[in-house]
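Report on the structure given below.
Naming: A, B, ... by sequence-line order, numbering from 1 per chain.
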Protein chains: 2
Amino acid sequence: MIDRLKIRNLISGKGLKVTPQRMRVLEAIYLLDNHPTAENILEYIRRNDPNIGYGTVYKVLETLVEHNLIVKVKTEKDVMRYDGILENHHHLYCKQCDYIEDYHNEKLDKLLTDFFHENEIDNFIIEDIKLSINGNFIIHKNKQHES
Amino acid sequence: MIDRLKIRNLISGKGLKVTPQRMRVLEAIYLLDNHPTAENILEYIRRNDPNIGYGTVYKVLETLVEHNLIVKVKTEKDVMRYDGILENHHHLYCKQCDYIEDYHNEKLDKLLTDFFHENEIDNFIIEDIKLSINGNFIIHKNKQHES
DNA sequence: TACTATTTACGAATCATTCTTAATTAGAAC
DNA sequence: GTTCTAATTAAGAATGATTCGTAAATAGTA
């Protein structure tokens, strides 16, 4: 588990001021499972700090993304979600529930690297490759099923 | 190129009423390059049919997606984009411009199928896999660079 | 302790998308 | 061709996520 000191160091290490709001947002992303939305994060923080503004949460998220402390995860829906795990990884998207699970596999990454090494794409320089693995969990991970 | 008769057949083939609005939206998606947004489509159609409503375009898009005539393409931004190509394919996302290019490669798809056949994911049934290949075009495809 | 550039609180503004309702119309039945 | 009706559209209001604006607060420096 990531403790407060590490979070503090992550933030200051990027040359950012360490504010309670930034600490709380980053901590929330690490603690909340399932790639939280801005709203999930806001709700979570408000339990301890009812005064945090939603504008602040969005601003902090933007700052953290800009400084590569978190990444945005795009979904079919119109809400953005956030991920505090930075090592290259892929996502399992369940078509029935809104759970997004991380998928790491070094062999797969090697396979892809080798493939694109042999099959360069004309006029394009690859920086990274992310798989969207779409399907269904057999046993769902959370309650919020749709419709 | 897809002609009007084919478009008509695609729509009626799904048991949908063939309306001028549906014809125009689907035609626009085939004609407009680069995975248009709802707004791109609306603008395009308004050149010939200034009376089409934006609500209508969204409604038609929703219907076409529901009936598998087009698919939604998610991006980092908060606008949804649409794609009329249905065979499995992947996307090149340029980090500098908003051009999204299709990438087809059967060998790659075979590689992935084989990989996940040998490496099943616990508790998850895969339906399809899409790669987001992120990087940069060496020569950009369109003008709308960001900031 | 004081200073100042940065950050936050607050809510208004924006923008993509959805919803509502009455009017229109495609396609079926005659 | 006419009639009928359920499906579709027009028009714009409503919604919901996100961004913006600005005055007040504050982290980090001196």
Side-chain angles (χ1 to χ4, degrees), chain A residues 4-5 7-26 28 35-43 45-46 48-67 69-70 72-82 98 144 146-147, chain B residues 4 7-26 28 35-43 45-46 48-67 69-70 72-82 98 146-147:
Chain A
R4 292 228 160 71
L5 180 57
I7 292 178
R8 170 177 295 275
N9 288 339
L10 281 170
I11 296 171
S12 65
K14 296 289 183 178
L16 295 169
K17 286 188 181 177
V18 177
T19 66
Q21 292 82 356
R22 284 174 177 167
M23 292 286 292
R24 288 188 184 118
V25 169
L26 195 46
H35 309 80
T37 62
E39 206 201 332
N40 297 150
I41 295 165
L42 181 68
E43 261 176 30
I45 296 174
R46 283 212 165 144
N48 294 313
D49 173 12
N51 294 319
I52 193 164
Y54 56 86
T56 303
V57 169
Y58 280 105
K59 195 76 181 55
V60 168
L61 287 169
E62 190 191 318
T63 306
L64 297 178
V65 169
E66 273 171 11
H67 289 81
L69 287 169
I70 61 174
K72 286 186 172 190
V73 178
K74 48 193 173 186
T75 72
E76 304 289 341
K77 314 293 171 43
D78 52 1
V79 273
M80 200 52 77
R81 296 170 67 159
Y82 297 88
D98 65 356
Q144 309 135 263
E146 279 162 43
S147 64
Chain B
R4 292 227 160 72
I7 292 177
R8 169 177 294 275
N9 288 338
L10 282 169
I11 296 171
S12 64
K14 296 289 183 176
L16 294 169
K17 286 188 180 177
V18 177
T19 67
Q21 292 81 356
R22 285 174 178 168
M23 292 286 293
R24 287 188 186 119
V25 169
L26 195 46
H35 310 79
T37 62
E39 206 200 332
N40 296 151
I41 294 164
L42 181 69
E43 261 175 31
I45 296 174
R46 283 211 166 146
N48 295 313
D49 173 12
N51 293 319
I52 194 164
Y54 57 85
T56 303
V57 169
Y58 281 104
K59 195 76 182 54
V60 168
L61 286 169
E62 189 191 319
T63 305
L64 297 178
V65 168
E66 273 171 10
H67 289 82
L69 287 169
I70 61 174
K72 286 186 171 189
V73 178
K74 49 195 174 186
T75 73
E76 304 290 340
K77 314 292 171 45
D78 53 0
V79 273
M80 200 51 77
R81 295 170 68 158
Y82 296 88
D98 66 355
E146 277 161 44
S147 60

* DNA chain C: 5'-most and 3'-most nucleotides touching chain A, 4.0 angstrom heavy-atom criterion -> dA5(C) to dA12(C)
* Asked: Is there side-chain contact between R46(A) and L42(A), with heavy atoms separated by less than 4.5 Å?
  -> yes
* Asked: Starting at the 5' end of DNA chain C, which residue's closest nucleotide do you reach first, P50(A) or E39(B)?
  -> P50(A)
* How sharply is the helix from dT1(C)-dA30(D) to dC30(C)-dG1(D) bent, taking the axes over five pairs at either end and rounding to 10 degrees? -> 40°
* Is there a side-chain contact between T37(B) and M80(B) (heavy atoms, below 4.5 Å)? -> no
* **Intermediate values then yes/no, side-chain contact (heavy atoms from CB on, under 4.5 Å), K17(B) and R22(B)** => CA-CA 9 Å; K17(B) 286 188 180 177; R22(B) 285 174 178 168; 4.0 Å; yes
* For residues I11(B) and L69(B), report the shortest heavy-atom separation together with the two atoms involved. => CA-CD1, 4.3 Å
* To do: Evaluate the criterion side-chain contact (heavy atoms from CB on, under 4.5 Å) for residue pair R4(A) and R8(A); output intermediate values, then yes/no.
  => CA-CA 6 Å; R4(A) 292 228 160 71; R8(A) 170 177 295 275; over 6 Å; no
* To do: Under the side-chain hydrogen bond (donor to acceptor under 3.5 Å, both in side chains) rule, collect the residues that match up with T63(B), sequence neighbours excluded.
  => none
* To do: Would you jot down, in residue-number order, the residues of residues 10-22 of chain A having a non-hydrogen atom under 4.0 Å from DNA chain C?
  => K17(A), T19(A), Q21(A), R22(A)
* Asked: Under the side-chain hydrogen bond (donor to acceptor under 3.5 Å, both in side chains) test, which residues partner D49(A), sequence neighbours left out?
  -> R24(A)
* How far does CD1 of I70(A) sit from CG of L10(A), to the nearest 0.5 angstrom? -> 11.5 Å
* Can you name the nearest heavy-atom pair linking L61(B) to A38(B), along with the distance? -> CD1-CB, 3.8 Å
* Positions of residues 53-61 of chain B (non-hydrogen atom under 4.0 Å from DNA chain D), listed by number -> G53(B), Y54(B), G55(B), T56(B), V60(B)
* To do: Under the side-chain contact (heavy atoms from CB on, under 4.5 Å) rule, what do Y82(A) and H35(A) come out as? Steps first, then yes or no, please.
  => CA-CA 5 Å; Y82(A) 297 88; H35(A) 309 80; over 6 Å; no
* State, with a plain yes or no, whether a side-chain heavy atom of K74(A) is found less than 4.5 Å away from one of R81(A). => no
* To do: Rounded to the nearest angstrom, tell me the gap between atom CD in E62(B) and atom P in dA7(D).
  => 15 Å
* Structure fact -> Residues T75(A) and V79(A): closest non-hydrogen pair is OG1-O, 3.5 Å
* What is the distance, rounded to the nearest whole Å, between atom CE of M80(B) and atom P of dT18(D)? -> 12 Å
* What distance separates I7(B) CD1 from L26(B) CG, expressed to the nearest 0.5 Å? -> 5.0 Å
